[in-house]
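Taking it in order: structure first as structure tokens, then the write-up.
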Amino acid sequence: MKIATWNVNSVNARLETVLKWFQEASPDVACLQEIKCVDEKFPTEAFESLGYNVAVHGQKTYNGVALLSKSPLEDVRKGLPGDDSDEQARYIEAVISGPRPVRVAGIYLPNGNPVGTDKFAYKLAWMQRLNDHAKGLLALEEPLVVAGDYNVIPEASDCENPAAWADDALFQPQSRAAFRALKWLGLTDAFLQADGAPHSYTFWDYQAGAWQRNNGIRIDHALLSPQAADLLRGCEIHRDVRGWDKPSDHVPLVVDLDI
DNA sequence: ATGGTAGACCTTCTA
């Protein structure tokens with residue numbers, strides 16, 4: 001079973017590119033982030049015609065996440081628990097039905113820039129809420145995949161020029177510590193476990209020729225419960241997609257589970 | 001060198 005995550009940077013502005021990739025890669029499940037539209041504007045029919053069931057947690061202009069699956073989606077949850085006043089659409093979760101059900105959570109973790117503002121505080125608070133929620137999910141002792149745009153560069157080897165990121169929210173010690181705390185709950189980084197090649201990136205900025213210079217960062221991750229990690233066959237970054245016409249600044253990450 | 005680009009949307013915010 002192939003489970004993908006991809007920050008598409010507006011699903012409607014990118015629809016042609018996104019559908020092309022879906023036809024080529026044909027993931028069984030996909031988590032999309034930054035769809036940048038409300039539920040009614042999501043191109044549901046286009047994905048249904050490719051054979052997907054669709055769940056959307058949209059928002060006007062910013063954020064927005066979606067979950068697509070060839071198998072039916074059950075037990076859908078929209079929004080990260082822990083703060084009823086949080087109106088940002090950054091979390092969607094469902095159980096992928098089948099002989100071996102898998103729970104998949106799609107996340108769009110807050111960027112948090114600039115450091116020292118309420119945005120950075122929101123990022124850290126959101127990560128604590130994710131940690132609390134993940135604890136509960138891990139207690140179910142099921143195959144679980146928490147995949148998405150984490151907006152965290154875990155290690156210096158996950159970027160090209162660490163000094164350039166020193167003051168960025170994505171590389172702050174607190175952000176990295178919160179990411180480690182998630183892993184310490186018992187979650188496995190699928191890419192490191194399956195491949196682990198340093199300087200493998202999932203994002204290249206649109207600015208300053210970042211793609212041409214390979215000035216990238218690895219910020220899209222898939223964390224696996226022990227029961228999912230036992231099933232891990234592989235994990236690939238679809239790097240070439242960044243070179244397509246009208247690309248997102250992120251590329252898809254695909255986890256393959258033996259299901 | 002404090003730039004550069006992209007998307008949503010209405011003047012600037014977010015990334």
Side-chain angles (χ1 to χ4, degrees), chain A residues 5-21 31-44 46 56-66 80 86-92 106-127 130 147-154 158-172 174-176 178-179 201-221 237-253:
Chain A
T5 175
W6 192 9
N7 179 323
V8 294
N9 187 19
S10 172
V11 70
N12 285 309
R14 201 85 49 218
L15 190 56
E16 203 177 329
T17 307
V18 170
L19 293 177
K20 181 187 169 192
W21 181 79
C31 309
L32 301 183
Q33 300 90 38
E34 277 207 274
I35 61 172
K36 290 188 172 179
C37 64
V38 294
D39 293 13
E40 303 75 51
K41 296 276 179 70
F42 188 84
T44 300
V56 183
H57 184 34
Q59 183 181 336
K60 186 179 158 72
T61 310
Y62 303 121
N63 311 317
V65 287
L80 182 63
D86 184 2
E87 293 178 348
Q88 300 191 29
R90 296 178 174 275
Y91 186 92
I92 189 164
I107 73 162
Y108 177 43
L109 206 146
N111 176 295
N113 278 304
V115 173
T117 65
D118 55 351
K119 289 184 183 176
F120 189 60
Y122 174 67
K123 178 188 190 122
L124 296 179
W126 203 94
M127 292 185 84
L130 181 61
D149 177 359
Y150 278 74
N151 268 316
V152 174
I153 303 167
D158 294 313
C159 64
E160 199 64 14
N161 180 12
W165 295 95
D167 296 327
D168 197 284
L170 279 59
F171 198 51
Q172 286 308 292
Q174 293 135 295
S175 309
R176 297 169 61 196
F179 184 75
Y201 308 131
T202 64
F203 169 95
W204 296 260
D205 202 286
Y206 289 119
Q207 301 181 73
W211 167 244
Q212 289 76 10
R213 297 160 188 252
N214 193 32
N215 183 17
I217 52 179
R218 190 173 73 95
I219 55 173
D220 298 271
H221 308 294
I237 296 169
H238 286 213
R239 186 180 193 281
D240 292 352
V241 177
R242 186 63 176 81
W244 290 6
D245 289 338
K246 268 190 75 88
S248 169
D249 39 8
H250 297 250
V251 296
L253 176 79

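Chain A is the first sequence line, chain B the second, and so forth, proteins listed ahead of strands; every chain is numbered from 1.
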Sequence neighbours excluded, the answer for side chain to side chain donor-acceptor pair (under 3.5 Å) partners of A/N151 is none
Please report the distance separating the C1' of B/dA1 from the corresponding atom of B/dT11, rounded so that it comes out in whole Å.
28 Å
Between B/dG3 and B/dG7, how far is it from one P atom to the other, in whole Å?
22 Å
Those residues at least two apart in sequence (or on a different chain) that pass side chain to side chain donor-acceptor pair (under 3.5 Å) with A/D86 are A/Y122, A/R129
Please collect all salt bridge (Lys or Arg N to Asp or Glu O under 4.0 Å) contacts where either partner lies in residues 114-123 of chain A, sequence neighbours excluded, each pair once.
none
CG of A/D249 to CH2 of A/W204, rounded to nearest 0.5 Å, is 10.5 Å
Sequence neighbours left out, what passes side chain to side chain donor-acceptor pair (under 3.5 Å) with A/N111? Give chain and number order.
A/N113
Measure the distance from CG on A/D168 to C1' on B/dT2 and round it to the nearest whole Å.
14 Å
Using a 4.0 Å heavy-atom cut-off to protein, can you give one letter per nucleotide of nucleotides 7-15 of chain B, 5' to 3': B if the base is in contact, S if only the sugar-phosphate is, - if neither?
SSS---BSS
Excluding sequence neighbours, so at least two apart, what forms ring pair (Phe, Tyr, Trp, His ring centres under 6.0 Å) with A/H221?
A/Y150, A/F179
B/dT2 versus B/dT12 - spacing of their P atoms, nearest Å:
23 Å
Mind checking the P distance from B/dC9 to B/dA15? Whole angstroms is fine.
15 Å
